[in-house]
Engineer: 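Structure provided below as structure tokens; questions to follow.
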Amino acid sequence: MLVKLIKHEYIYLAKTFTPIYIIFLISAILVRLFAGIDMDFDDNALSYTLVAVVFCVTMIFGGLCGIMAFLTVIDNVRRFKKNMFSDEGYLTNTLPVTATEHIVAKLIAGATNYILSFVVLLIGVMIVEKNASISILKAFYEFITDKDVDLSVKLSAVLLGFLGYICLLLLGYLLSALNSMINGKGCLSAIVAGAVLIFVVFSISRIFGLMVDSEYFPDHPTAAILVFCGFFAAGAAVMYLLIVNIIKNHLNLQ
Amino acid sequence: MSELIRCSGLSKSYGKKEALSGLDLTLESGKIIGLLGPNGSGKTTLIKLLCGLLTPTSGSVTIDGMEIGPKTKAIVSYLPERTYIPDWMRVKNILSYFADFYSDFRMDLANDMLARLNIDVNAKMKTLSKGTKEKVQLVLVMSRNAKLYLLDEPIAGVDPAARDYILDTIISNYNPDASVIISTHLIQDIERVIDDVVMIQYGHLKIHGGADALRTEKGMSIDELFREVFRC
């Protein structure tokens, strides 16, 4: 059933994000083309129109560059909330599927979407400014091949990034689930619960941050990163258990 | 006939309001059951507990001897009282969605029913009227070879001409070994199809028995009995 859930997540992603990627890539091509045009500004309607078009296309390209990563997170969490706790929950929650399968399918779709968006972003930047993308890829390649940095540091850094992203999605899921669970008690309760949760998560991460900054790990960057990984993994596990518990025992589709 | 549903001391509260209160009920397979009661009597709550959309405050409920979970969801076909299919989907998309998740879904039957209702499988859900969306949902539910059909107000949102078609669809398409629970206020419309009657009020079981036996015993139709029992 997990494979089928993932399949339908991908169908949704293809339908939603393909137009965004196409718009982004077209805007990148246009920005590149405009960059090659000699923009001598004359005080006539055509010049104003051209400037307006260049401005709009550049804004679309720049805007999508800035929000693409956020968009994947926001869309994924929004979809989780809509699928599980709104009217669509009448369909989703009556499927012969476990809560774990629902969560895992959404996380896999979210991670895939994030990676795909990064690749599209890189292609877009490459279209506009070839050198910038080459610099990014070069920096990435140098990090991979740098013999001064241990392989363990590189792997743990990748793991940290992955776990951090998963934690971010799970935090969104948990807030949605809490909001649904205490829906009957009013909006204020949901906001207070969300604020308390975020405060607790950031307080704990701050404590871990201070530990890593201090004398505990002066010469062991891998250990320092793994401490963070451990924190994220523990946080993800706690959030996952809470979400499953809410879906299984406190589902509240009134 | 075998026991299909067992509710033991089943209670469900929303905050301080008790929707179901210590309900004890056993239902057998192979019957069409009318779940009747006035507004706020707990009908929808009972149905949602059976399909796992709500969890009991206390007591227990089993279907085919199993606790509510993925295994019971695989044998329960549920029609909610609202439209739930995502607007971005086309009718054919939701058909393949059901075919993917329910091994008992009969695609040929679904296509046949949609054709008879003049519903285009390429139509987007957001372009359909509320009544047509409800018909699509009914087709999805009745195209399954389930053990239990839970129909919450299946004829409330459609025109009187379509009601007969829907009731005929229910009768002619459900698995004879299965049970159908129909919750509705339109008792006159369903009176001809129901075998058993369950009446609940304020979350308590008021009447449970065979429709024919009740008619003979009380000397009135189920519709008249409902008006008698729940007179304001």
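Numbered from 1 within each chain, the chains take letters A, B, ... in sequence-line order. Because only heavy atoms are used, hydrogens play no part in the values below, and waters and symmetry mates are left out as well, while side chains stay in. None of the values given here were measured: they were computed from a predicted structure.
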Engineer: Hey, which of B:T72, B:T55, B:V76, B:I68 has the most heavy atom pairs under 4.5 Å with chain A?
Structural biologist: B:T55

Engineer: Report which part of A:K82 has an atom under 4.5 Å of a heavy atom belonging to chain B: side chain, backbone, both, or neither.
Structural biologist: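 Neither part.
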
Engineer: Mind checking the CG-OG1 spacing from B:L79 to A:T94? Nearest 0.5 Å is all I need.
Structural biologist: 10.5 Å

Engineer: Give every residue pair that meets the ring-ring contact (aromatic ring centres under 6.0 Å, His included) criterion with at least one member in residues 96-122 of chain A, sequence neighbours excluded.
Structural biologist: A:Y114-A:Y165

Engineer: Using every non-hydrogen atom in the two residues, find where B:P70 and A:T98 come nearest and quote the distance to one decimal.
Structural biologist: CG-CG2, 3.8 Å

Engineer: Should A:K4 and B:D100 count as an ion pair when the cut-off is N to O under 4.0 Å?
Structural biologist: no

Engineer: So, for B:K73 and A:L95, which heavy atoms are closest and what is the spacing to 0.1 Å?
Structural biologist: CD-O, 3.4 Å

Engineer: In this structure, are over 12 heavy atoms from other groups packed under 6.0 Å from B:M66 atom CE?
Structural biologist: yes

Engineer: How long is the gap from CD on B:E81 to OH on A:Y90, to the nearest 0.5 Å?
Structural biologist: 5.0 Å

Engineer: Under a 4.5 Å heavy-atom cut-off, does chain A meet the side chain of B:S77, its backbone, both or neither?
Structural biologist: neither

Engineer: Between A:L5 and chain B, with a heavy-atom cut-off of 4.5 Å, which part of the residue counts as in contact: side chain, backbone, both or neither?
Structural biologist: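 Backbone plus side chain of A:L5, per the 4.5 Å heavy-atom cut-off to chain B.
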
Engineer: Return the CD to CG distance between B:Q137 and A:L91, rounded to the nearest 0.5 Å.
Structural biologist: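 Reported to 0.5 Å precision, the distance equals 8.5 Å.
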
Engineer: Are more than 12 heavy atoms from other residues, nucleotides or ligands located less than 6.0 Å from atom NZ of B:K126?
Structural biologist: no

Engineer: Chain A heavy atoms under 4.5 Å from B:I94: which part of the residue, side chain, backbone, both or neither?
Structural biologist: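 Answer is side chain: those atoms of B:I94 sit under 4.5 Å from chain A.
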
Engineer: Below 30° counts as parallel, above 60° as perpendicular, anything between as tilted: where do the rings of B:Y97 and A:H8 land?
Structural biologist: perpendicular

Engineer: Once rounded to the nearest 0.5 Å, what's the spacing between atom CH2 of B:W88 and atom OG1 of A:T16?
Structural biologist: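 Going from the CH2 atom of B:W88 to the OG1 atom of A:T16 covers 7.0 Å.
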
Engineer: Using a 6.0 Å cut-off, check whether atom NZ of B:K133 has over 12 heavy atoms from anything other than its own residue.
Structural biologist: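 Yes, because the 6.0 Å sphere around NZ of B:K133 holds more than 12 heavy atoms from other groups.
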
Engineer: Side chain, backbone, both or neither: which part of B:F101 has a heavy atom under 4.5 Å from chain A?
Structural biologist: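 For B:F101, backbone and side chain are both near chain A.
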
